[in-house]
J.: 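Sending over a structure as structure tokens; questions will come in a sec.
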Amino acid sequence: MDARAWEFEGSLKREIQMIMVQDQKKDKHSKALEHYESLFHGLNATCKSSEPSWLEVLRRNAFLKFSQIGFPTTKTEAWKYTNVSEIETARFQNVQRGSSLVVKEEFDQMFPFSLNGTRLVFVNGFFAEHLSILPNPQDGVVISSLDLAIKTHPEILKSYLTRETNTEDVFATLNKAFIQDGVFVYVPQNLEIKNPIHLIFIQGESQSLSLVQPRNLIVIGPRSRASIIETFFSVSEHAYFTNGVTEMVAEEGATLRYGRVQAEGKKAYHVYATNVQVGKESSFSSLVLDLGAKIARHNLNVELLDVGASCNLNGLYFPRSGQHMDHHTSIQHQKPEGVSRQLYKGILSGASQAVFCGNIFVAPGAQKTDAAQANKNLLLSSEATIDTKPQLEIFADDVKCTHGAAIGELDPTQVFYLKSRGISELKAKEILSLGFAVEVLNHAELETTHEYFETLVKNQFEGNYCEK
Amino acid sequence: MLQIKNLHVNVNGTEILRGIHLEIRGGEIHTIMGPNGSGKSTLARVLAGHPDYEVTEGEILFKGENLLELSPEKRARSGVFLAFQYPVEIPGVTNSYFLRAALNEIRASRGLEEMDASDFLAFLKEKMKLVEMDASFASRFVNDGFSGGEKKRNEVLQMLVLEPLLAVLDETDSGLDIDALKLVSRCTNLMRSKERAILLVTHYQRLLNYVQPDFVHVLMDGRIVKSGGRDLALKLEELGYEWMREPGSLKGA
């Protein structure tokens with residue numbers, strides 16, 4: 001065979017290979033969609049009799065939209081650094097309501113933390129009343145499972161769930177197509193809920209490949225104050241997928257605090273969107289702690305809708321070997337005099353990966369906007385990787401926007417100082433990493449919450465944590 | 001307690017210590033003096049196991065054990081303590097948390113029980129009174145935003161809490177006003193006991209007005225060129241170091 005013929009042969013081979021690869025990809029995508037279609041029909045069959053027609057329509061439209069868009073690939077800008085093909089190809093299954101019962105003793109053992117106040121516990125995505133602690137009824141306050149609220153407060157639920165939002169990504173759309181349960185909190189005007197409302201989502205040991213899609217809706221009325229903490233927790237060794245959405249609304253003059261702990265099982269996948277709307281002169285603050293799951297993604301979208309709205313976002317992610325954690329924050333300054341603060345810190349050990357992408361959007365006319373963003377990363381290992389990226393879109397001229405990103409290692413003089421006092425190398429690294437985290441953890445409002453967060457961070461150092 | 005034999009040390013390929021011999025017994029206070037760059041601080045840091053210093057020759061025995069084979073933390077647990085010339089700031093870590101972690105690691109290595117947070121705080125506050133530190137320093141971050149004098153006092157506090165067998169004070173007296181100097185001296189004297197040895201590294205004779213050393217050694221160009229009693233320090237104060245460079249004086253008293 002002469003050289004040209006050989007070359008021709010080669011290029012033909014490549015072309016055929018490319019077509020085959022494309023076919024395989026297409027195959028992968030369409031197979032995934034087929035699978036979700038069967039899940040969707042399965043769910044419809046069980047829900048048919050119980051859900052109102054508006055919800056059925058909402059879910060159906062969402063599913064249609066989802067099947068048109070499909071799962072993102074790393075070519076999708078927002079998913080460039082996080083590959084979800086494992087999620088797409090796994091055949092997750094709906095969980096049947098009531099299929100796994102966890103008794104109180106089991107739960108206490110599984111989840112040995114206690115915060116004072118209200119607690120709503122969900123097992124495999126469904127409300128578990130026997131594990132929950134509900135408060136005494138207070139004027140007009142609603143704290144209940146979403147499933148129940150759809151029956152008791154259909155009008156409010158309908159109006160919030162059917163709103164068109166421009167922050168919805170495809171996973172949130174998928175979640176909408178499968179709305180079944182979650183939390184509904186409604187606080188009318190001029191009220192203060194003193195203790196945090198703790199929402200605990202646990203995954204039992206029983207099932208492999210569960211698909212859990214919680215949907216929470218939190219509405220804080222004018223000039224009211226409340227604090228919500230979400231915990232996703234599991235000691236399960238199985239692979240499962242949590243695909244959740246929390247929508248929050250802080251109306252005029254309201255104060256909303258949001259704590260979030262993601263401590264899913266080692267083989268879990270966790271994709272979650274928290275969408276917040278902040279009204280005139282009202283403030284939203286958050287403290288997000290990311291510890292678990294194999295692949296975790298959190299989208300925190302905050303819309304500062306009116307004059308003088310403010311937000312303060314704080315996050316700590318601490319992946320260990322084999323974990324991938326991705327944080328996308330988006331703050332939209334829609335009106336003048338909004339203030340936003342952001343501090344996200346990462347501690348990366350072993351062969352772990354993390355992503356931080358912080359988008360700040362300042363609308364035309366949103367003058368006197370004051371926005372500051374900082375992302376700092378501590379790499380405990382040479383095998384850890386971080387992708388950090390600020391994204392500023394500013395369409396007003398009288399604004400103050402700052403951003404900064406830092407990536408560093410432990411300071412050897414600090415390590416030596418601790419060692420010279422008798423502290424082991426491993427413990428020294430732990431102490432210094434915790435010291436690095438303090439700036440974020442100090443945003444916890446109460447001592448009990450602070451302790452809870454700190455304990456979880458300390459626990460992350462234990463077990464198979466290894467230095468490399 | 002401590003025997004240093006023919007110690008040679010390199011830093012970044014340059015020989016700083018060139019054959020140190022020194023023996024310190026329990027109950028003794030030794031002082032090392034010498035001009036800038038003579039290797040005083042190098043000696044102090046080598047004892048603590050600083051990773052930047054490379055021992056090329058010689059040995060150090062501590063309680064009969066080869067100190068050079070031990071990691072810094074194991075040295076500390078066996079009783080070596082270095083008060084740093086430049087104490088390190090650790091933002092985010094409180095003084096009390098740091099010191100309790102250190103004390104408990106040392107206690108654990110000796111088979112003692114952990115001291116719980118409240119017992120430790122009471123114990124720490126007693127020690128803080130001795131160095132005249134306000135109780136609020138317990139909850140402040142280690143050396144973070146401390147003045148020079150406060151940092152030095154914090155080093156002395158750590159010495160009082162950890163109760164080492166061999167305390168090496170590297171220019172702890174530098175930069176202190178007279179009241180702080182007296183305070184540091186008082187605490188150093190408190191540490192004096194039959195079981196414990198203290199090695200003071202200093203530029204100035206004035207510390208020795210308050211802490212009476214048993215031996216004074218002069219370190220020049222990486223070697224101990226003269227050893228003597230307290231009167232040697234007084235002579236240095238009067239004459240400086242240059243007279244010792246003369247031939248014949250190297251072997252000294």
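So you know, we letter chains A, B, ... as the sequences are listed, proteins then strands, and number each from 1. Worth saying up front: this structure is predicted, and the values here are computed from it rather than measured.
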J.: Given a strict heavy-atom distance threshold of 4.5 Å, which part of Glu439(A) is in contact with chain B: side chain, backbone, both, or neither?
T.: neither
J.: Identify which part of Gln158(B) has an atom lying under 4.5 Å from any heavy atom of chain A, answering side chain, backbone, both or neither.
T.: side chain
J.: Among Glu73(B), Lys74(B), Arg75(B), Glu105(B), which residue meets the side chain to side chain contact (heavy atoms under 4.5 Å, CB included) test with Lys419(A)?
T.: Glu73(B)
J.: How are the rings of Phe98(B) and Tyr417(A) set to each other: parallel, tilted or perpendicular (split at 30° and 60°)?
T.: parallel
J.: Of the non-hydrogen atoms in Gly435(A) and Val93(B), which two are nearest, and what is the gap between them?
T.: CA-CG2, 3.8 Å
J.: Go through the steps for Leu434(A) and Tyr97(B) under the test side-chain contact (heavy atoms from CB on, under 4.5 Å), then give the verdict.
T.: CA-CA 11 Å; Leu434(A) 274 173; Tyr97(B) 184 81; 4.0 Å; yes
J.: For the pair Leu432(A) and Ile90(B), evaluate side-chain contact (heavy atoms from CB on, under 4.5 Å) and give the outcome as yes or no after the intermediate values.
T.: CA-CA 8 Å; Leu432(A) 293 172; Ile90(B) 307 181; 3.4 Å; yes
J.: For the atom pair CZ (Arg77(B)) and OG (Ser424(A)), what is the distance rounded to the nearest 0.5 Å?
T.: 6.0 Å
J.: At their closest point, which heavy atom of Arg421(A) faces which heavy atom of Leu82(B), and how far apart are they?
T.: NH1-O, 2.7 Å
J.: So for atom CD, which belongs to Glu23(B), do other residues, nucleotides or ligands contribute more than 12 heavy atoms lying within a distance under 6.0 Å?
T.: yes
J.: More than 12 foreign heavy atoms under 6.0 Å from CZ of Arg225(A): is that the case here?
T.: no
J.: Has Asp116(B) got more than 12 heavy atoms of other residues, nucleotides or ligands less than 6.0 Å from its CG?
T.: yes
J.: Can you see which heavy atom on Gly92(B) is nearest to which on Val438(A), and at what distance?
T.: O-CG2, 3.2 Å
J.: What pair of heavy atoms forms the shortest contact from Ala76(B) to Gly422(A), and how long is it?
T.: CB-N, 3.2 Å
J.: More than 12 heavy atoms of other residues, nucleotides or ligands under 6.0 Å from NZ of Lys194(A): is that the case?
T.: no
J.: Measure the OH-OG1 distance between Tyr86(B) and Thr413(A) for me, rounded to the nearest 0.5 Å.
T.: 13.5 Å
J.: Is it the backbone or the side chain of Asn143(B) that comes under 4.5 Å from a heavy atom of chain A, or both, or neither?
T.: side chain
J.: Closest heavy-atom contact between Phe416(A) and Pro51(B)?
T.: CD1-CD, 3.7 Å
